[in-house]
Amino acid sequence: MHSVIGILRDEGLADSVEHGISFGPYVARPTSRGKVSIRAPHGYSKPRITHSYLSDPDEGRRLREGLRMAMEIARQPALAEHLKTDLKSSAAIGIAPESDTDEALDDFISRTGFAFYHPSGTCAMGKVVDHELRVQGLANVRVADTSIMPELVTGNTNAPAIMIGERAAAFVEDAAKS
Ligand SMILES: Cc1cc2nc3c(=O)[nH]c(=O)nc-3n(C[C@H](O)[C@H](O)[C@H](O)COP(=O)(O)OP(=O)(O)OC[C@H]3O[C@@H](n4cnc5c(N)ncnc54)[C@H](O)[C@@H]3O)c2cc1C
């Protein structure tokens, strides 16, 4: 569950100009798998990125379950007494599901769901890089970002990305000394 002060619009990228509280579930340990592939044999050509979000139907089930929990929380008297609106009026302006049927929740997910900006795992340790972040089969190429994560971390990725960079710097330094 993530929670922020303000009403989240446009995948969280728009300025928050409406008073309110936004909260909802996300699948922290996704099981759907996308891929990054080469589109053309040129170093500067853009890669082809296929996200395949929600390709595992179980993720849809988990999101629906989380949304039902979020709606249940929104209905609690302890929270409701601080709110000027209810779920029904939030649904009318598109920021809450119309109801908690599977169809209404799926509709809400497809209209408002977004990926949370934590792409990772495309050069996974054990598959593409070794335990010191070296690309397997190449002597002097390392990868140092969240693409080396074999599994996505449950929390956000900024601090882990910095940590991976720090470790990579130490590996390069150690290699230079030996
Ligand atoms: C909108 C958004 C919100 C986010 N919110 C959060 C959050 O709240 N908390 C959190 O923990 N994480 C958040 N993240 C995720 C987090 O930002 C990333 O996990 C993290 O920045 C990854 O760090 P990185 O160094 O691997 O990549 P980046 O931060 O993307 O750094 C890569 C750098 O390489 C540079 N670059 C690219 N190509 C070249 C080139 N050819 N030559 C030279 N330089 C190049 C780019 O300009 C960039 O500066 C968010 C991401 C987004 C997009």
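These numbers come from a predicted model, not from an experiment.
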**Study point:** Verdict with supporting geometry, Leu13 and Tyr117, side chain to side chain contact (heavy atoms under 4.5 Å, CB included)
**Key:** CA-CA 11 Å; Leu13 299 176; Tyr117 312 118; 3.3 Å; yes

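- The structure places CZ of Arg9 at 9.0 Å from OG of Ser22, a figure rounded to the nearest 0.5 Å.
- Annotation: Asp10, atom CG; neighbour count of heavy atoms from other residues, nucleotides and ligands within 6.0 Å is above 12.
- Phe116 and Phe108 are members of different hydrophobic clusters when ILVMFWY side chains are connected at heavy-atom separations under 4.5 Å.
- Partners of Ala168 under the side chain to side chain contact (heavy atoms under 4.5 Å, CB included) rule, at least two apart in sequence or in another chain, are Leu133, Ala144.
- Summarising the geometry of Gly24 relative to Ala70, their closest heavy-atom pair is CA-CB, 4.4 Å, with the distance given to 0.1 Å.
- Partners of Tyr53 according to the ring-ring contact (aromatic ring centres under 6.0 Å, His included) rule, which considers only residues two or more places apart in sequence or in another chain, are His51.
- Heavy-atom neighbours of Met1 CE from other residues, nucleotides or ligands within 6.0 Å: above the threshold of 12.
- Between Glu59 and Pro30 there is a side-chain heavy-atom pair separated by less than 4.5 Å.
- Linking Ile, Leu, Val, Met, Phe, Trp and Tyr whenever their side-chain heavy atoms come within less than 4.5 Å puts Val153 and Met125 in one cluster.
- One distance of note links OG1 of Thr146 with CG of Asn156; it measures 11.5 Å at 0.5 Å rounding.
- With sequence neighbours excluded, no residue forms a salt bridge (Lys or Arg N to Asp or Glu O under 4.0 Å) with Arg39.
- Asp145 is linked by a salt bridge (Lys or Arg N to Asp or Glu O under 4.0 Å) to nothing, counting only residues two or more places apart in sequence or in another chain.
- The shortest side-chain heavy-atom distance between Leu152 and His118 falls under the 4.5 Å cut-off.
- Partners of Asp56 by side-chain hydrogen bond (donor to acceptor under 3.5 Å, both in side chains), not counting sequence neighbours, listed by chain and number: Thr31.
- Side-chain contact between Ile21 and Ser3 is present, with heavy atoms from C-beta onward closer than 4.5 Å.
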Check your understanding: Should Leu54 and Leu63 be marked as a side chain to side chain contact (heavy atoms under 4.5 Å, CB included) after you check the CA-CA gap, both sets of side-chain angles, and the distance that decides it?
Key -> CA-CA 10 Å; Leu54 297 177; Leu63 276 181; 3.9 Å; yes

Review point. Under the side chain to side chain contact (heavy atoms under 4.5 Å, CB included) criterion, do Asp100 and Arg64 qualify, and how do the steps go?
Key: CA-CA 8 Å; Asp100 60 6; Arg64 284 196 295 271; over 6 Å; no

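- Looking at Glu18, its side chain never comes within 3.5 Å of a backbone N or O of Gly6 through a donor-acceptor pair.
- The shortest side-chain heavy-atom distance between Val172 and Arg142 falls under the 4.5 Å cut-off.
- Ionic pairing of Arg167 and Glu132 is not present here: no N-O contact between side-chain nitrogen and carboxylate oxygen is shorter than 4.0 angstrom.
- The closest side-chain heavy-atom distance from Val143 to Val128 is not below 4.5 Å.
- In this structure the side chain of Pro47 never reaches within 4.5 angstrom of the side chain of Ile38, judged on heavy atoms.
- Proximity of Leu105 to Arg68: side-chain heavy atoms (C-beta onward) are separated by under 4.5 Å at one or more points.
- Heavy-atom minimum distance, Val129 versus Cys123: CG2-O, 3.5 Å.
- With sequence neighbours left out, the side-chain hydrogen bond (donor to acceptor under 3.5 Å, both in side chains) criterion links Glu98 to no other residue.
- Here salt bridge (Lys or Arg N to Asp or Glu O under 4.0 Å) pairs that include residues 25-37, with residues two or more places apart or in two chains, number zero.
- In this structure, Thr50 contributes its side chain and Ser52 its backbone to no donor-acceptor pair below 3.5 Å.
- With a 6.0 Å radius and a threshold of 12 heavy atoms from other residues, nucleotides or ligands, Asp15 has its CG atom at or below the threshold.
- For Arg61, the salt bridge (Lys or Arg N to Asp or Glu O under 4.0 Å) test picks out Asp58, Glu65, with sequence neighbours left out.
- You'll find the side chain of Leu8 reaches within 4.5 Å of the side chain of Val4, heavy atoms only.
- The minimum heavy-atom distance between Ser55 and Pro57, with the atom names listed, is O-CD, 3.4 Å.
- Evaluation of the salt bridge (Lys or Arg N to Asp or Glu O under 4.0 Å) rule for Glu151 yields no partner, not counting sequence neighbours.
- Under the 3.5 Å distance criterion, the side-chain polar atoms of Ser45 are matched with a main-chain donor or acceptor of Ala40.
- Not a single ring-ring contact (aromatic ring centres under 6.0 Å, His included) links Phe171 to another residue, sequence neighbours left out.
- Hydrophobic clustering of Ile, Leu, Val, Met, Phe, Trp and Tyr side chains at less than 4.5 Å, counting indirect connections, keeps Met71 apart from Ile73.
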Expected list for residues 76-89: side-chain donor-acceptor pairs under 3.5 angstrom, two or more places apart:
residue	atom	partner	partner atom	Å
Gln76	NE2	Glu72	O	3.0
Gln76	NE2	Glu72	OE2	3.4
Asp86	OD1	Lys88	N	3.3
Asp86	OD1	Ser89	N	3.0
Asp86	OD1	Ser89	OG	2.9
Ser89	OG	Asp86	N	3.1
Ser89	OG	Asp86	O	3.1

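- Residues Ile7 and Tyr26 do not share a hydrophobic cluster, clusters being chains of Ile/Leu/Val/Met/Phe/Trp/Tyr side chains in contact below 4.5 Å.
- Checked against side-chain hydrogen bond (donor to acceptor under 3.5 Å, both in side chains), Ser120 has no partners two or more places apart in sequence or in another chain.
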